[in-house]
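Working notes for the structure below.
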Amino acid sequence: MTQFALTRLPAPPVARQIGAAVHRTPLLSAEGLMERMFSRLFHGLVYPQIWEDPAVDMAALAIRPGERLVAIASGGCNVLSYLTQGPGSILAVDLSPAHVALGRLKLAAARTLPDHAAFFDLFGRADLPGNAALYDRHIAPALDSQSRRYWETRSPFGRRIQLFERGFYRHGALGRFIGAAHRLARAAGTDLRGFLDCPDIEAQRTFFYAHIGPLFEAPVVQALARRPAALFGLGIPPAQYALLAGDGDGDVLPVLRQRLHRLLCDFPLRENYFAFQAIARRYPLPGEGALPPYLEPTAFETLRDTAGRVQIENRSLTEALAAEPEESIHGFNLLDAQDWMTDAQLTALWGQVTRTAAPGARVIFRTGGAADLLPGRVPEEILGRWRADRAAGQAGLAADRSAIYGGFHLYRRRDA
């Protein structure tokens with residue numbers, strides 16, 4: 001427990017929290033039905049790994065030792081990567097109990113596993129027969145009871161922790177979506193794994209134009225992409241789908257093609273573990289390519305020393321911030337959650353962000369569309385306390401190897 005922690009009320013039931021975040025329209029409407037279909041995903045695992053570039057986050061947040069950060073947890077990769085910068089504490093929140101359990105598993109593993117090799121076997125390889133035994137021997141005794149129940153729940157295929165012996169990154173909504181994309185490409189005559197043989201960016205672009213770009217002309221791909229529910233596996237709710245389509249003059253297909261091109265063609269494959277994951281369905285092995293910062297061998301001892309500085313809670317960000325002291329938080333990562341929000345929800349969130357922001361605080365977030373969604377929606381008496389750094393946002397977007405968002409935004413607190 002950090003020096004900033006306060007007594008917190010129990011979180012509302014999961015269904016109510018998720019519904020409050022996602023449901024914007026009445027149930028008995030086409031969009032309302034889709035929103036409820038989407039919200040059901042968040043009762044389980046959506047993101048086995050987070051799909052935002054932590055290097056961009058850390059540069060924008062300029063994390064200094066001892067600072068307190070708040071972030072949406074998602075798959076936990078970015079929160080653990082931030083620990084390599086030595087913050088004083090991190091409060092991470094998520095509406096999905098599965099994401100909370102995954103983040104807590106990673107933190108307990110960093111504290112208890114004997115070395116980086118074991119840590120990488122579990123979270124880098126995530127497909128080795130001995131990984132469940134690592135959990136039983138080292139991690140389970142140090143894990144909270146709620147997270148233990150999650151990972152030790154049994155199904156016809158074994159305990160949930162055994163997903164780390166069967167290719168964890170192939171599971172969850174995102175993993176299944178990527179797997180379906182591979183099967184669709186093979187049905188059209190393209191084996192995406194051939195992309196792994198590309199020696200440089202020019203070869204990557206040649207492969208894209210010859211084998212991947214033409215897939216967007218296939219009638220089945222066009223029909224699926226133009227159905228919002230088909231993109232739920234990417235974690236895109238109906239409201240965010242509309243933002244994506246808006247960048248394509250009402251058609252989401254050219255936006256998806258452009259962003260996939262950026263993912264696969266704007267960075268060398270060996271430097272972009274997001275592209276490597278999408279194609280190989282795994283992270284590079286040490287020496288094979290870039291890794292998330294928290295998985296780098298040189299980061300393990302720092303993770304071991306700092307893992308106790310993270311608190312992960314199953315609640316909304318606005319509610320969590322309401323329990324924080326004034327001017328106590330130096331950096332906020334809102335991910336893309338604001339794309340889902342109504343004006344009232346945005347105003348409530350930024351009211352709490354502004355109240356808890358320390359002098360010099362920074363806020364980062366991503367948007368599905370290119371436009372900043374705050375001006376005109378958050379009252380000026382709140383938003384006027386902040387300055388949008390448009391140049392830094394554009395630089396962050398250009399550097400973001402995950403490449404799936406339309407906008408990266410950095411706001412700095414205006415200090416008197």
Side-chain angles (χ1 to χ4, degrees), residues 18 20-25 31 34-35 38-39 42 50-53 56-57 60-61 70-72 74 93-95 228 231-232 234-252 254-256 258-259 262 316-319 321 331-357 361-398 400 402-414:
I18 297 172
V22 178
H23 302 166
R24 298 161 52 121
T25 53
E31 186 166 354
M34 285 194 296
E35 288 172 347
F38 178 82
S39 69
F42 277 80
I50 196 168
W51 211 265
E52 288 91 7
D53 194 334
V56 171
D57 295 354
L61 290 171
V70 170
I72 295 175
S74 189
V93 300
D94 205 280
L95 297 178
L231 300 186
F232 283 1
L234 288 176
I236 297 175
Q240 193 172 45
Y241 182 95
L243 295 174
L244 290 172
D247 280 359
D249 294 326
D251 187 359
V252 76
V255 179
L256 294 176
Q258 182 269 332
R259 294 186 188 175
R262 193 198 318 168
S316 76
L317 183 57
T318 302
E319 182 187 31
L321 289 176
F332 304 76
N333 184 359
L334 311 184
L335 298 185
D336 62 335
Q338 295 175 113
D339 279 359
W340 309 7
M341 293 184 180
T342 64
D343 291 3
Q345 290 169 328
L346 284 172
T347 298
L349 172 61
W350 276 87
Q352 292 299 337
V353 167
T354 302
R355 184 187 66 82
T356 57
R362 300 181 177 204
V363 180
I364 61 171
F365 60 92
R366 290 167 171 82
T367 49
D372 184 347
L373 46 72
L374 299 182
R377 298 182 62 191
V378 175
E380 182 58 27
E381 59 264 28
I382 296 175
L383 199 58
R385 301 276 301 277
W386 297 86
R387 176 176 65 85
D389 190 333
R390 305 296 183 197
Q394 287 299 316
L397 180 66
D400 194 331
S402 71
I404 63 172
Y405 290 99
F408 177 87
H409 308 274
L410 168 63
Y411 273 74
R412 305 172 188 265
R413 195 184 103 152
R414 295 184 188 272

query: How close do D339 and L373 get, heavy atom to heavy atom, and via which atoms?
result: OD1-CD2, 3.0 Å
field: Residue pair I50 / E52: nearest heavy atoms and the distance that separates them
entry: CG1-OE1, 2.9 Å
query: Which heavy atom of Q352 sits nearest a heavy atom of T318, and at what distance?
result: CG-O, 3.9 Å
message: Can you give me the closest heavy-atom contact between Y411 and R390, atom names plus distance?
response: OH-NH2, 3.8 Å
query: With side chains defined as the heavy atoms from C-beta onward, is the minimum distance between S74 and D94 less than 4.5 Å?
result: yes
Residue pair L335 / W51, side-chain heavy-atom distance below 4.5 Å: no
task: Could you check if a side-chain atom of L374 sits within less than 4.5 angstrom of a side-chain atom of L346, using non-hydrogen atoms only?
output: yes
- request: Check side-chain hydrogen bond (donor to acceptor under 3.5 Å, both in side chains) between D400 and all other residues, then give those that pass, not counting sequence neighbours.
  value: R366, S402
message: Just so I know, are the side chains of D336 and I72 near enough to count as touching, which here means a heavy-atom distance under 4.5 Å?
response: no
Gap separating the CG atom of L349 from the CG atom of L317, nearest 0.5 angstrom: 5.5 Å
- prompt: Is the closest side-chain heavy-atom distance between L397 and R262 below 4.5 Å?
  reply: yes
message: For the backbone of D389 and the side chain of R412, can you confirm whether one donor and one acceptor N or O come within less than 3.5 Å of each other?
response: no
query: How long is the gap from OG1 on T347 to CD on E381, to the nearest 0.5 Å?
result: 8.5 Å
Interatomic spacing from OG1 in T342 to CZ in R377 - rounded to 0.5 Å: 7.5 Å
query: Quick one: are L334 and W350 in side-chain contact, heavy atoms under 4.5 Å?
result: yes
- request: First locate atom NE2 of H409, then atom CD of Q394, and finally report the distance between them rounded to the nearest 0.5 Å.
  value: 8.5 Å
message: Quick check: do Q338 and T367 have side-chain heavy atoms less than 4.5 Å from each other?
response: no
message: Which residues pass the ring-ring contact (aromatic ring centres under 6.0 Å, His included) test with F332, not counting sequence neighbours?
response: none
Side chain to side chain, W386 and R414, heavy atoms closer than 4.5 Å: no
Nearest heavy-atom neighbours spanning A392 and L410: CB-CD2, 3.7 Å
- prompt: Does CZ in R259 sit with more than 12 non-hydrogen atoms of other residues, nucleotides or ligands closer than 6.0 Å?
  reply: yes
